[in-house]
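Beneath this line is the structure, given in structure tokens, with notes to follow.
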Amino acid sequence: MMRLAVRTLRHRKSGFIATFIAVVFGTAIVMACGGLMETGIRSNVEPERLAATSLVVTGKQSHHRPGVEDPTPLTERVGVPIDLLAKIRSTEGVSSAVGDYTFTAVGPAVAEGHNWSSAALAPYELSSGKAPRFGQVVVSSGKVGEQLTLLINGEPKTFTISGIAPRAASHAFFSDRDAAQLVRNPSRFADVGVLVAPGTDLSAVKDRLEEVDGNLTVRAGVDRGLAEHPDAESHRTALIAIAGSFGGIATMTMMFVVASTLALAAQHRQREFALLRGIGTTPGQVRRMILGEALMVSLPAVVLGCLPGIFLGGFLFDQLSSHGVASPVIEFSQGWIPFAAGAGAAVLAAVGAALIAARKSAKIKPVEALVEASLQRKWFSWIRLLFGLLFLGGGMALLIVTATVMSGPLAASTAGPSILCWAIGVALLGPFWSKLVLGIWRWPVQALTRVNGRLAIRNLSARSVALSAAAMPVMLAVGISTANLYMQTTQVHASSEAFTRDLRADAVLVSEAGLSPTVLSQVREVPGVASASAFVRSMGAVDDPRKAPFDEDGAPIIGVDAQGAEGTAPVRLTSGSLAGLTGATAAIPEYMAQKTGRGVGSEITMTLGDGTTTRLRVVATFAAERGYETIILPASLVVAHTTDGLTKQILVRAAPGADVRPGLAELAAAHPGVQVADRSTLVASNVEDLQTQAWINYMLVGMLIAYTAVSVVNTLVSTTLRRRREFALQRLTGSTRFQVLRMLTTESALVTLTGVTLGTAVALACLLPFSAKVANDALPTGPIWIYLVVVGAAALLTFASTLIPATTTLRHAPTQPTYND
């Protein structure tokens, strides 16, 4: 039977091209996602500034909340208390240890400042000059003795260049005394570099260092680079989550597409299987032949799909890095595991589809097979019904959870998977849904197209299985793309609305290098300014034994200054006042106060972004949209526990009728790096993460749409070519080529309408409960052109994939033999 399978492939190449293409693209997509997953897990960052160290000690970047199993990631650099340096040095096996101060210092070819003693951890050596003393600096370029002005803590400071270290690109090294004064939190080192004697057991030293303090993390090998780039650690989680969620959807989609493509190819060969059964071929032989064909098609396709998979994975990682989702310092990794995942999923899909197709083809009796081959009607089986109802039930369960349990952005965690459940459930029971939708569209289509419409409708009604096979890929493309795209637009719009609803600032001063505390007092003196406040963002965790409305990712924190009722804080107070927002105080959402029983005058315990735990007295409560709650803290408290310790934004509210922009522009001109922007800058920064997430989703969903488009083209081209005998018969009975094409045009319209209708229903089953919870609106938010583009693309693919091969086929005389039928 394997010899027969080889001959079948030789003479029926076109019948297996669709499966081959589906496996190639499916392997590439799954392999690329596997590469992203491996890159996130490994997070290899080659150390540069800490390259000479044996081990690097950092603070633990996570926090365990009482009663919460999963740790909350800490987004700010935790650091190492300076009083632990002596204990680290005295640990057995440690020959020396050097603490590193790291702070923002912006100037020509400089972005970061350090203490000179930490230069030995690279090591950075001087090519000229000498080590810095008080008021001096070592940089990578320039001339010894020159003056260099740097922005540090928002203020310009001038230093004398004492030495040049060419390898220390973008770094500036100050005397240890200067560095301790310039860093915002001198009580903590950013990290501690540890050196051990040659031949020392590093793992043993590592274990002993971790016992020094429970809040320390000791890094070895390539992980030392993560200490230099703490943002890479937070990006690691995001990269793994994106690769895992999208990889799962891509794998399921690939298996569905490959299985449907191979099943369609086997379905078109029922006459051939009937003849084989009629001449005495056993069911087992038919099964082995079909399985052999599937393996001979899928294995070369898997090998071929590896090459684009490598390039696709690298391309996706570069795009994620350039948009701030993945850290650009991480090395892209794609070993044998992603290859095994992509190859295994593709081969498994092909083999599984082959076994299902073979079971039906081998089980049927020869006479029944000949009847079935002439017109395919049978599709129902109890297994198909069972799995179809299971997936539909799963979609319904996720819909109910989304509508009743989830709130705000968290609704996406259940709404997203529901798309695939609905789509697969509808596809498994496709002929039933296709006939139902056809019954709705048949009358208007028939009224518009008359004779050709009646013929097309009768064809599709008699060939309900073929209609389903053609419409389901369209449904999949329309449903997945519409749901995912409108989920993003709805979430971004809802977040913007929740923020801007209470935003009262008329202008904002911005500086990436930080704003000096003196700038705030100068802003308040500008004529026409009614109120001004520092504005700082961070993340923390509410350590309350009673559940607060925040998940394991932590609680968003906004830092503002104490202010009256006419201040700039973007909140609507329901009780208390922000006038007392000083020291260890907080304002919390009204919903949180009701749920935890913590109103004005009570206390809450919070862990701030750098791991510092503090007790806060509640001075006010405010209204907040569910899912978009924040904690309001004093700006001075928040900024003291951020990585850079910088205030980068000042909110300004003008008095009625006053124009403060000229005065603010004059003030900004006197401070290097300071710019004046309008409130749209605040809105943009508030949804920056969501916009980035939306862009990622657009890119990844676009890739899935392209893959399902391949399925649409494969299915429709294969189905159309299969009908050559039917077209020839129509022409022999008097139909012209133009009449046949008009009939196929009407059929394409019906296939498009069926697929779009079912796809829209699948998308709405996800979007309606999601929109109700996220935006408090029954309908999703977003431009209508997104839906029109999706529908237009689906229609274009359907018509092109049907009419182009049909036109090619109709060029031949109807009496010309079609041996491959």
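What you see below is based on every heavy atom in this structure, not just the backbone, and it leaves out hydrogens, waters and symmetry mates. The chain is numbered in sequence order, starting from 1.
A distance-only check finds a donor-acceptor pair linking the side chain of Gln61 to the backbone of Leu74 [under 3.5 Å]. Side chain of Arg133 to main chain of Ser175: no donor-acceptor pair is present (N/O by atom type, distance under 3.5 Å, no hydrogens or angles). Between the Arg524 side chain and the Ala532 main chain, a donor and an acceptor come within less than 3.5 Å of each other. Checking side-chain atoms of Thr630 against main-chain N and O of Pro556 turns up no donor-acceptor pair under 3.5 Å. Put simply, the side chain of Glu228 gets close to the backbone of Leu50: a donor and an acceptor are under 3.5 Å apart. With Thr612 contributing its side chain and Leu608 its backbone, the two residues share no donor-acceptor pair below 3.5 Å. Asn153 places no side-chain N or O within donor-acceptor distance of the main-chain N or O of Glu155, the cut-off being under 3.5 Å. Between the Tyr101 side chain and the Ser118 main chain, no donor and acceptor come within less than 3.5 Å of each other.
When the salt bridge (charged side-chain N to carboxylate O under 4.0 Å, His left out) test is applied to Arg184, no partner is found at least two apart in sequence or on another chain.
Side chains of Ile588 and Ile604 form a contact here, defined as non-hydrogen atoms less than 4.5 Å apart. Using a 4.5 Å cut-off on side-chain heavy atoms (C-beta onward), Asp561 and Thr568 make no contact. Using a 4.5 Å heavy-atom cutoff, the side chains of Trp116 and Asp176 are in contact. Between Val652 and Leu664 the shortest side-chain heavy-atom distance falls below 4.5 Å. Taking the side chain as every heavy atom from C-beta outward, Thr582 and Pro634 never approach each other to under 4.5 Å. The shortest distance between side-chain heavy atoms of Thr621 and Leu573 does not fall below 4.5 Å. Side-chain contact check for Ile152 versus Thr104: every heavy-atom pair is 4.5 Å or farther apart.
Between Glu603 and Arg617, none of the side-chain N atoms (NZ, or NE/NH1/NH2) sits under 4.0 Å from a carboxylate O, so this pair counts as no salt bridge.
Across all their heavy atoms, Pro132 and Val138 have their closest contact at CD-CG2, 3.5 Å. Nearest approach of Thr643 to Glu76, heavy atoms of both residues: N-OE1, 2.9 Å. Contact detail for Val660 and Ala654: the closest heavy-atom pair is CG1-CB, 3.7 Å. Here the closest heavy-atom approach between residue Ala569 and residue Arg504 is recorded as O-NH2, 3.4 Å. Across all non-hydrogen atoms, the minimal contact from Ile631 to Ala555 is CG1-CB, 4.4 Å. Looking at every heavy atom in both residues, Leu578 comes nearest to Ala587 through CD2-CB, 3.8 Å.
Under the 6.0 Å distance and 45° angle rule, Arg177 counts as a cation-pi partner of Phe134.
At most 12 non-hydrogen atoms from other residues, nucleotides or ligands lie less than 6.0 angstrom from CD of Glu666. Gln522 CD: more than 12 foreign heavy atoms inside a 6.0 Å radius.
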*side-chain contact (heavy atoms from CB on, under 4.5 Å) evaluation trace for Ser516 with His671*: CA-CA 9 Å; Ser516 169; His671 295 273; 5.6 Å; no
